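Written below as structure tokens is the structure these notes are about.
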Amino acid sequence: MSGAARPLGRSAVVCGIGSYVPPDKVTNDELSRRLDTSDAWIRSRTGIAERYVVSPGTATSDLAVEAGLRALKSASTEQVDAVVLATTTPDQPCPATAPAVAARLGLGQVAAFDVAAVCSGFLYGLATSSGLIASGMAERVLLVAADAFTTIINPEDRTTAVIFADGAGAVVLRAGDAGEPGAVGPMVLGSDGELSHLIEVPAGGSRQRSAGTPPEPGDQYFRMLGRDTYRHAVERMTATSQEAAELSGWRLDDVDRFAAHQANARILDSVAERLGIPAERQLSNIEQVGNTGAASLPLLLSQSAAEGRLTAGHRVLLTAFGGGLSWGAATLVWPEVQSV
Ligand code: UT7
């Protein structure tokens, strides 16, 4: 699915951005003390050196509220018409977590719902939020992407425990013109449910519950077939980035900043190489934060903007890939905005 922004149409425009990571940092050496792994393996195979994790009792909404507060502050607003939360780790299976986030942010009885697209969640949320604005249903939307991913990771599984981490990022979108900086440009979204088994939590849903038998040990945890996922991530993020650039009328040479879901540094290098985007135009924070699921992209944008690596006027190409399988890409000219 793809859609070009209408050149003169009403469009969603980024007017605020913020992010949050929990205070507890875990280094590769700390992980190596309890798992059969090493700092050298993790760094060389993933590019990750450290990551932030939630402390006992902290939930996704706690991260989302912090990031949401910062984005609202950045946008200098206390009012939105909807809250969209992209997450794979809702506080509970029912209800959605977004209404609690909206209430805790003091946003009143606004529309609030979750979007589940695993690591592509921010882009799916961006498409949904943009649609609410473009259709005239909303003037302003708070889009939060938050994951307490470590809460679904099997602590004994070295293939996932070294990669996934926790965090949140949020943007405020307002109604504006498709031609102005910050306007969400053409987007491409896709999925392949034939390959849903590559990334999954087997138990806890209606399939397992209706069977009437307890889950198999370990089935409550996240599982990823790393090698196959790796290959699809490279292919999909490359192809979908090309499509979004083309829809925007951009050559890949025009891209000032490439922001890809921080899945694995080797994946990012491979995608950038295929697209011909040099290292100095890639944004990356995987070394410091790991793979934070849906939060990855807005956390990357927020931290890059705060550090001055992403500035007003930069033509940004965004792409993500995750469970589902799901993927997407979008373009954006970065607006004059203060990341909080
Ligand atoms: O965010 C959503 C999308 N996610 C992704 O796109 C992630 C995609 N996949 C990956 O990033 C990589 O596949 C991993 C980082 C998960 C694994 O890296 P890899 O280079 O594909 O390693 P591998 O799975 O081919 O495993 C190579 C070896 C294996 O040992 P043998 O069979 O060769 O003896 C693994 O058992 O490395 C072993 N291994 C480890 N060794 C030390 C796997 N995990 C670890 C570990 N420490 N943590």
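Counting starts at 1 for both ligands and their atoms, in listed order. None of the values given here were measured: they were computed from a predicted structure.
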message = For Ala98, is there any backbone N or O sitting under 3.5 Å from a side-chain donor or acceptor partner on Asp114?
response = yes
ask   = Using the ring of each side chain (for Trp, its six-membered ring), is Phe149 parallel, tilted or perpendicular to Phe222, with breaks at 30° and 60°?
value = perpendicular
request  = Please write down residue, atom name and distance for the protein heavy atom closest to atom 11 (O) of ligand 1.
outcome  = Asn264 ND2, 2.7 Å
key: Which segment of Asn291 sits under 4.0 Å of ligand 1 when only heavy atoms are counted   = side chain
task = With the side chain counted from C-beta on, respond yes when Asp269 and Gln282 share a heavy-atom pair under 4.5 Å apart, and no when they do not.
result = yes
query = How far is atom 21 (O) of ligand 1 from its nearest protein heavy atom, and which residue and atom name does that atom have?
reply = Arg227 CG, 3.7 Å
ask   = Counting distance only, does the side-chain N/O of Glu235 pair as donor-acceptor with the main-chain N or O of His232 below 3.5 Å?
value = no
message = Could you check whether any side-chain N or O of Asn291 sits under 3.5 Å from a backbone N or O of Ser296, counting only pairs where one atom can act as donor and the other as acceptor?
response = no
note = The protein heavy atom nearest to atom 35 (C) of ligand 1 is Arg158 NH2, 3.8 Å
request  = Quick one: look at Thr46 and ligand 1, take heavy-atom pairs under 4.0 Å, and tell me if it's side chain, backbone, both or neither.
outcome  = side chain
ask   = So which protein heavy atom does atom 16 (C) of ligand 1 come closest to, and at what separation?
value = Ile163 CD1, 3.5 Å
note = for atom 5 (C) of ligand 1, nearest protein heavy atom and its distance come out as Thr229 CG2, 3.7 Å
request  = Please indicate whether any nitrogen or oxygen in Ser38 is less than 3.5 Å from any nitrogen or oxygen in ligand 1.
outcome  = no
request  = Have a look at ligand 1 and work out which part of Ile267, if any, has a heavy atom under 4.0 Å from it: side chain, backbone, both or neither.
outcome  = side chain
message = Polar contacts were defined as any N/O atom of the residue lying under 3.5 Å from an N/O atom of the ligand; does this apply to Gly226 and ligand 1?
response = yes
ask   = What's the shortest distance from atom 20 (O) of ligand 1 to any protein heavy atom, and which residue and atom give it?
value = Arg45 NH2, 2.8 Å
request  = Among all protein heavy atoms, pick out the one at the shortest distance from atom 4 (N) of ligand 1; state its residue, atom name and that distance to 0.1 Å.
outcome  = Met224 SD, 3.6 Å
ask   = What protein heavy atom sits nearest atom 43 (C) of ligand 1, and how far off is it?
value = Trp41 CZ2, 3.5 Å
inquiry  = Evaluate Arg266 for polar contact with ligand 1, using N/O atom pairs at a separation under 3.5 Å.
reply    = yes
Any pair counted as side-chain hydrogen bond (donor to acceptor under 3.5 Å, both in side chains), so long as it reaches residues 68-80, sequence neighbours left out = Glu66-Arg70, Thr77-Arg140
